Protein chains: 2
Amino acid sequence: MDDAVRQSLRELVASCSLPAALEAMGERWSFLILRGAFNKLCHFEEFQSELGIARNILANRLTRLVDHGILERRPHADDRRKIEYRLTDKGYALLPTMVALRQWGERWETGVPANPILVDARDRKPIRQVQVLSHDGRPLGKGDMLWALSEEAEAAPANTEAAE
Amino acid sequence: MDDAVRQSLRELVASCSLPAALEAMGERWSFLILRGAFNKLCHFEEFQSELGIARNILANRLTRLVDHGILERRPHADDRRKIEYRLTDKGYALLPTMVALRQWGERWETGVPANPILVDARDRKPIRQVQVLSHDGRPLGKGDMLWALSEEAEAAPANTEAAE
DNA sequence: AGCATTAAGTTGCGAAACGCTACTTAAATC
DNA sequence: GATTTAAGTAGCGTTTCGCAACTTAATGCT
């Protein structure tokens, strides 16, 4: 690997937002708490008993996720002891990441197609595998992508299919 | 939340493969090492100097990723000091997860569309946002999915667009 | 009103993971 | 043969994790 390539890789790494994402979601339990929230858990004690996580760690993770704007903390109106944790839009935007990770685990770790499975609420058919797609919808595999400066990139056509 | 719902959630959690995926990829540095491998890093010293990770931790992560079949360790033929770490198919299968996480970070953490960007190698147009799609390609958002026993689910039609 | 219970944490402390620096080992190069 | 390179390993201090017990405030029970 020559120096020019190495240098461009270093720049690439510097401006990558993967570290930023991991700063928010990279600690132990963060994704499992998120999964819980997707599954309609919203109280401290629910998370604690469902996940079996230590209480101090749970408290720490919840405040962190709130600080990052992934969860929203709201005191319950009727019972002022209770506090509800709810996903924000930012939190919901992690759905593709979580589903992709789960699908990978199903395919390559547990091996089971798992029961229950996620289905489309409208027709109850199983959802697709999450994949990386080109602008016109072709699935992209390992050799099909490269890095380009945004100046070099072809102008992206308005996505015909809805964006996130 | 009544007991029936709670119970079904507990079963759901038990058979979810997210914990299995996190067991393989949930530790600090794992995703960054994976990103490095996607970017064609393959030697110990390359990972170390690009990521700035401590040597003992790197050694530990590499052997873990090899043990999980995500990376493959192969001694170099010409120079027997060198060892190459390469992604296996199982490792490449994490591409959607990684891209989804990076895109989320771009959109919600760093805010920058980042430079360089990932483009389709064929036409150099930016790739799409990774999203969860129904069997027929509709994007699915927060309320559009539910859990179903595989017996209950409608038979999935053969995916017209290629699977992973 | 007084006591028990519930919800959401906090505290203390031992165990495990992390990070830094220096050292080792084997192969290649000078 | 001496030096450099590649890939680790070892020692040790710091941080995070995990468990159990404790606290605080609101609610419910009689």
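Numbered from 1 within each chain, the chains take letters A, B, ... in sequence-line order. Nothing here was measured: the structure is a model prediction, and the numbers come from that model. The analysis underlying the following values was restricted to heavy atoms, covering all of them including side chains, and did not include hydrogens, waters or symmetry mates.
- With respect to Glu72(B) and Lys90(B), no salt bridge is recorded, no charged nitrogen being found less than 4.0 Å from a carboxylate O.
- Proximity of Arg55(A) to the phosphate of dT11(C): no side-chain N or O atom is located under 4.0 Å from OP1 or OP2.
- Remark: the Asn56(B) side chain and the dC18(C) base include no donor-acceptor N/O pair separated by less than 3.5 Å.
- The side chain of Arg81(A) contributes no N or O atom lying less than 4.0 Å from OP1 or OP2 of dG9(C).
- We find that CZ of Arg64(A) is positioned 12 Å from C1' of dT16(D), with the value rounded to whole Å.
- In this structure, the CZ atom of Arg61(A) is 8 Å from the C1' atom of dC17(D), given to the nearest Å.
- Rounded to a whole Å, the CD atom of Glu84(B) is 16 Å from the C1' atom of dT5(D).
- In the hydrophobic cluster analysis, where Ile, Leu, Val, Met, Phe, Trp and Tyr join through side-chain heavy atoms closer than 4.5 angstrom, Leu51(B) is grouped together with Val66(B).
- Distances shown here put a side-chain N or O of Tyr85(A) below 4.0 Å from the OP1 or OP2 atom of dG9(C).
- Take the nearest nucleotide of DNA chain D for Phe44(B) and for Arg28(B): the residue whose nucleotide is more 5' is Phe44(B).
- The side chain of Arg80(A) lies closest to dT27(D) when the candidates are dT27(D), dG11(D), dA8(C).
- The side chain of His43(A) sits closest to dA8(C) out of dC18(C), dC17(D), dA8(C).
- Atom CG of Asp78(B) and atom P of dA6(D) are 14 Å apart (whole Å).
- Counting only heavy atoms from C-beta on, Ala54(A) has its side chain closest to dG18(D) among dG18(D), dG8(D), dA25(D).
- Distances shorter than 4.0 Å separate some side-chain N or O of Trp29(B) from OP1 or OP2 on dG19(C).
- When each of dT27(D), dA8(C), dA28(C) is scored by its nearest atom to the side-chain atoms of Asp79(B), the top-ranked nucleotide is dA28(C).
- Residues satisfying the salt bridge (Lys or Arg N to Asp or Glu O under 4.0 Å) test with Arg81(B), not counting sequence neighbours, are Asp79(B).
- Using a 3.5 Å distance cut-off with no hydrogens or angles, the side chains of Asn39(B) and Trp147(A) do pair a donor with an acceptor.
- Checking Asn60(B) against Ala77(A), the closest nucleotide of DNA chain D that is more toward the 5' end is the one next to Asn60(B).
- The distance between atom CD1 of Ile57(A) and atom P of dC19(D), rounded to the nearest whole Å, is 9 Å.
- Counting to the nearest Å, the P atom of dA8(C) and the CG atom of Leu58(A) are 10 Å from each other.
- Ile83(A) has its CD1 atom 9 Å from the C1' atom of dG9(C), to the nearest Å.
- Regarding Glu27(A), its CD atom lies at a distance of 16 Å from the P atom of dA17(C), rounded to whole Å.
- Remark: Arg64(A) engages Glu23(A) in a salt bridge, criterion side-chain N to carboxylate O under 4.0 Å.
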